[in-house]
Chemist: 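My questions will all concern the structure given below.
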Amino acid sequence: MSDTTLLVFRGDSIKTGTEQPFQVPVQEGMVVLDAIHWIQAHAATDLACRWNCKAAKCGSCSAEINGRPRLMCKTRLDEFAGEPIHVWPMRAFPLIKDLVTDVAWNYLVNAEITPFTPKTDEPVPYRMAADDVERVFEFRRCIECFLCQDVCHVLRDHDQKAAYYGPRYMVRIAGLEMHPKDTVNRTALLHREAGIGMCNITKCCQDVCPEHIRITDNAIIPLKERVAGRYYDPIAWVGRKLFGSKAD
Amino acid sequence: MAWWIEPALTVVSYVGFFAYATWSVFSGTYVFADPYVSPFFSTWIGFGTFKLPVIGLLVPFLAVIPLGLRVTCYYYRKEYYRAFFRDPTACARGEGVRGRYTGETRFPLVLWNLHRYALLLTIVVTVFLGVDVVRAFIYHGHFFVGLGSVVMLVNVILLSGYTFSCHSLRHLAGGGLDCYSCVKAGKARHRLADALNRLNPRHGWFAWVSMFSVGLTDIYVRLVMAGFHEPRWIA
């Protein structure tokens with residue numbers, strides 16, 4: 001059994017906190033979260049870390065491992081082949097302590113989105129054609145780990161949380177907008193409050209998604225196209241004037 | 001691979017292609033070697049070269065159409081925002097240039113919302129390129145296969161792959177619908193959108209290879225013009 005070095009962020013402020021080194025014995029198949037648990041058990045019992053399922057399904061153990069936003073429970077130690085492993089908290093959100101950040105802002109954003117709204121007389125259970133719902137399945141895989149929010153440079157580097165909801169909520173809105181039984185048009189929300197125009201398609205959110213949701217290609221860009229059709233397309237504008245359209 | 005290699009390669013490739021394409025289009029030479037024509041000059045109509053002076057004048061303006069598609073393309077946006085504007089430099093690597101960030105909400109970037117029009121015009125250009133490829137297989141009224149015919153065919157396949165894997169086309173074809181079974185021709189539109197959706201993940205690959213294939217096809221036609229003896233077969 002060999003050892004590996006973990007350099008774990010410690011502190012309650014990104015500015016004043018520091019990395020603390022730990023030598024962790026490695027066993028085959030270990031992931032970073034296992035190493036963090038070993039540190040908690042043997043070297044630093046006050047190390048703060050959020051986790052829950054340890055199966056890459058709850059989205060709790062998000063962190064930045066060697067500078068890349070990842071789930072600690074899905075990142076194997078043997079990927080790093082003896083190199084030091086730097087473990088930091090997500091930097092797009094306020095730090096509480098060590099690896100734990102305050103992600104409450106995300107839930108406030110979520111509350112601003114009009115939820116699924118079927119017709120009032122829609123028979124239950126819903127009957128839907130497979131062709132109509134297959135697109136939405138991808139968006140329902142989201143585990144709300146907020147890695148996409150963390151890596152989004154609009155939120156992370158420009159701190160434009162007042163102007164942009166972030167990729168996670170573009171995925172949620174896409175799932176609602178493309179749902180065949182939903183009756184609400186959220187294009188105006190996307191254009192204004194959700195700030196879809198702030199996204200400049202750099203696809204980092206898609207790169208880090210542990211569920212491999214094609215966030216930019218299948219959620220953000222289709223929504224941008226809907227906004228373009230509603231607010232920027234001159235021929236579509238003429239068409240609406242001549243033939244009318246669904247209200248926003 | 002170090003994080004800076006991809007943006008560096010992107011800058012070199014885009015600047016190189018743009019410089020070469022600009023030089024080729026404005027060089028004053030109509031790149032034509034019967035029966036081949038460079039994709040930069042594929043706007044001529046009719047057989048023969050007698051129409052070239054008139055159409056040739058339009059070439060620089062028509063070349064703006066595929067350029068417009070690439071500039072407003074969602075894939076290229078990712079590449080040049082990262083490589084040229086460093087916004088961001090790379091994922092979770094910070095920003096190159098600080099200042100008030102407005103994304104694509106202000107002029108001129110807000111114009112990128114008109115990407116669909118660049119796409120529709122480029123489809124017309126692609127049809128012209130397809131006609132040029134057909135002509136490249138006909139030499140003095142006989143079926144003909146030369147290395148240049150194959151080069152032009154591969155080029156137009158790659159350009160078509162790039163054009164038809166476009167996100168805007170997927171939206172226009174049916175991706176913009178919420179309920180396929182609720183509209184006329186919904187089944188057909190779903191099939192079309194689904195087919196384009198399968199092509200879409202390769203959009204970035206097509207973007208790169210078609211950019212190089214256009215430049216290399218132009219170079220090849222120039223080589224034939226200069227007297228390069230290519231392998232040919234005439235029926």
Side-chain angles (χ1 to χ4, degrees), chain A residues 64 67-69 90-92 128-135 150-154 156-160 163-164 176-183 185 191 195-208 214 216-218 220-222 224-229 231-236, chain B residues 3 73-82 85-96 98-106 109-117 120 166-172 174-182 186-187 189-191 193-194 197 200-201 203-204:
Chain A
E64 296 187 12
R68 182 179 171 82
M90 292 192 287
R91 300 195 207 178
M128 294 174 282
D131 288 353
D132 291 330
V133 290
E134 61 190 16
R135 277 184 302 180
D150 180 45
V151 81
C152 173
H153 74 118
V154 183
R156 179 193 181 94
D157 297 309
H158 298 289
D159 197 23
Q160 295 265 18
Y164 182 47
L176 293 165
E177 282 294 280
M178 296 179 196
H179 197 293
K181 296 291 182 189
D182 184 75
T183 57
N185 187 335
H191 184 51
I196 195 167
M198 298 296 279
C199 170
N200 67 345
I201 320 288
T202 45
K203 290 197 179 181
C204 291
C205 51
Q206 187 163 308
D207 286 352
V208 302
R214 296 182 66 222
T216 320
D217 287 319
N218 290 350
I220 297 178
I221 293 174
K224 269 184 172 269
E225 284 294 317
R226 288 174 185 228
V227 169
Y231 291 97
Y232 299 103
D233 187 331
I235 294 178
Chain B
W3 63 268
C73 166
Y74 288 108
Y75 177 77
Y76 278 94
R77 275 144 83 170
K78 169 202 160 191
E79 292 291 321
Y80 64 69
Y81 283 135
R82 285 194 193 186
F85 299 102
R86 298 174 64 200
D87 202 5
T89 311
C91 298
R93 284 284 166 188
E95 302 285 309
R98 303 298 296 191
R100 186 163 175 264
Y101 175 82
T102 55
E104 297 182 332
T105 61
R106 298 282 185 272
L109 299 182
V110 73
L111 295 178
W112 286 192
N113 285 301
L114 299 175
H115 178 54
R116 60 188 61 180
Y117 289 102
L120 295 173
C166 170
H167 296 82
S168 281
L169 185 62
R170 179 181 63 174
H171 173 80
L172 296 173
L177 295 173
D178 295 340
C179 178
Y180 295 107
S181 61
C182 312
K187 192 87 177 169
R189 293 188 71 180
H190 173 260
R191 281 186 187 160
D194 192 47
N197 200 36
N200 178 263
H203 193 50

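Convention: sequence-line order gives letters A, B, ...; per-chain numbering from 1.
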Chemist: Can you tell me which portion of A/Arg68 sits under 4.5 Å from chain B's heavy atoms? Options are side chain, backbone, both or neither.
Modeler: neither
Chemist: So B/Phe85 and A/Asn200, do their side chains get closer than 4.5 Å, heavy atoms only?
Modeler: no
Chemist: Hey, is the main chain of B/Ser181 close enough, under 3.5 Å, to the side chain of A/Asp132 for a donor-acceptor pair?
Modeler: yes
Chemist: Between B/Thr102 and chain A, which part of the residue has a heavy atom less than 4.5 Å away: side chain, backbone, both or neither?
Modeler: backbone
Chemist: Below 4.5 Å, heavy-atom pairs only: which of A/Ile235, A/Val208, A/Val151, A/Asp233 has the largest tally toward chain B?
Modeler: A/Asp233
Chemist: Please report the closest heavy-atom contact between A/Arg135 and B/Gly175, naming both atoms and the distance.
Modeler: NH1-O, 2.8 Å
Chemist: Treating A/Arg91 as the side-chain partner and B/Ala92 as the backbone partner, does any N or O pair qualify as donor plus acceptor under 3.5 Å?
Modeler: no
Chemist: Determine the option with the most heavy-atom pairs under 4.5 angstrom with chain A, choosing from B/Tyr75, B/Trp112, B/Tyr180.
Modeler: B/Tyr180
Chemist: Please rank A/Glu134, A/Met128, A/His179 by heavy-atom pairs under 4.5 Å with chain B and give me the top one.
Modeler: A/Glu134
Chemist: Drop me the distance from A/His153's NE2 to B/Thr89's OG1, to the nearest 0.5 angstrom.
Modeler: 10.5 Å
Chemist: If we define contacts as heavy-atom pairs under 4.5 Å, which of B/Pro201, B/Gly186, B/Ala90 has the most with chain A?
Modeler: B/Pro201
Chemist: What pair of heavy atoms forms the shortest contact from B/Thr105 to A/Gly197, and how long is it?
Modeler: CG2-C, 3.5 Å
Chemist: Verify, without hydrogens or angle tests, whether B/Tyr101 (side chain) and A/Met198 (backbone) share a donor-acceptor contact under 3.5 angstrom.
Modeler: yes
Chemist: Could you tell me whether the side chain of B/Arg170 and the main chain of A/Pro222 form a donor-acceptor pair under 3.5 Å?
Modeler: no
Chemist: Check whether any side-chain heavy atom of A/His158 sits under 4.5 Å from a side-chain heavy atom of B/Asp87, and report yes or no.
Modeler: yes
Chemist: Check whether A/Glu64 gets within reach of chain B through its side chain, its backbone, both or neither, counting any heavy atom under 4.5 Å.
Modeler: neither
Chemist: In terms of heavy-atom proximity below 4.5 Å to chain B, should A/Arg226 be classed as side chain, backbone, both, or neither?
Modeler: both
Chemist: State, without any angle test, whether A/Glu225 and B/Tyr74 hold a side-chain donor-acceptor pair at a distance under 3.5 Å.
Modeler: yes
Chemist: Do you know which two heavy atoms are closest between A/Ala228 and B/Asn113, and how far apart they sit?
Modeler: CB-O, 3.6 Å
Chemist: Flag the pair A/Asp207 and B/Arg93 as a salt bridge only when some basic side-chain nitrogen lies within less than 4.0 angstrom of an acidic carboxylate oxygen.
Modeler: no
Chemist: A side-chain contact here means heavy atoms from C-beta on lying under 4.5 Å apart; do B/Glu104 and A/Lys224 qualify?
Modeler: yes
Chemist: Which bit of B/Leu111 comes within less than 4.5 Å of chain A, counting heavy atoms only: side chain, backbone, both or neither?
Modeler: neither
Chemist: Answer yes or no: is there an ion pair linking A/Asp217 with B/Lys78, defined by an N-O contact shorter than 4.0 Å?
Modeler: no
Chemist: Taking all non-hydrogen atoms of both residues, which atom of A/Ala236 and which atom of B/Tyr117 are closest, and how far apart?
Modeler: N-OH, 4.4 Å
Chemist: Heavy-atom distance under 4.5 Å to chain A: side chain of B/Arg116, backbone, both or neither?
Modeler: side chain
Chemist: Could you check if a side-chain atom of B/Asn197 sits within less than 4.5 angstrom of a side-chain atom of A/Asn218, using non-hydrogen atoms only?
Modeler: yes
Chemist: To the nearest 0.5 Å, how far apart are NE2 in B/His190 and CG in A/Asp131?
Modeler: 4.0 Å
Chemist: So do A/Thr216 and B/His167 actually touch side chain to side chain, heavy atoms under 4.5 Å?
Modeler: no
Chemist: Any side-chain donor paired with an acceptor under 3.5 Å for A/Arg214 and B/Asn200?
Modeler: yes
Chemist: Output the option from B/Leu177, B/Asp194, B/Leu109 having the highest count of non-hydrogen pairs under 4.5 Å with chain A.
Modeler: B/Leu177
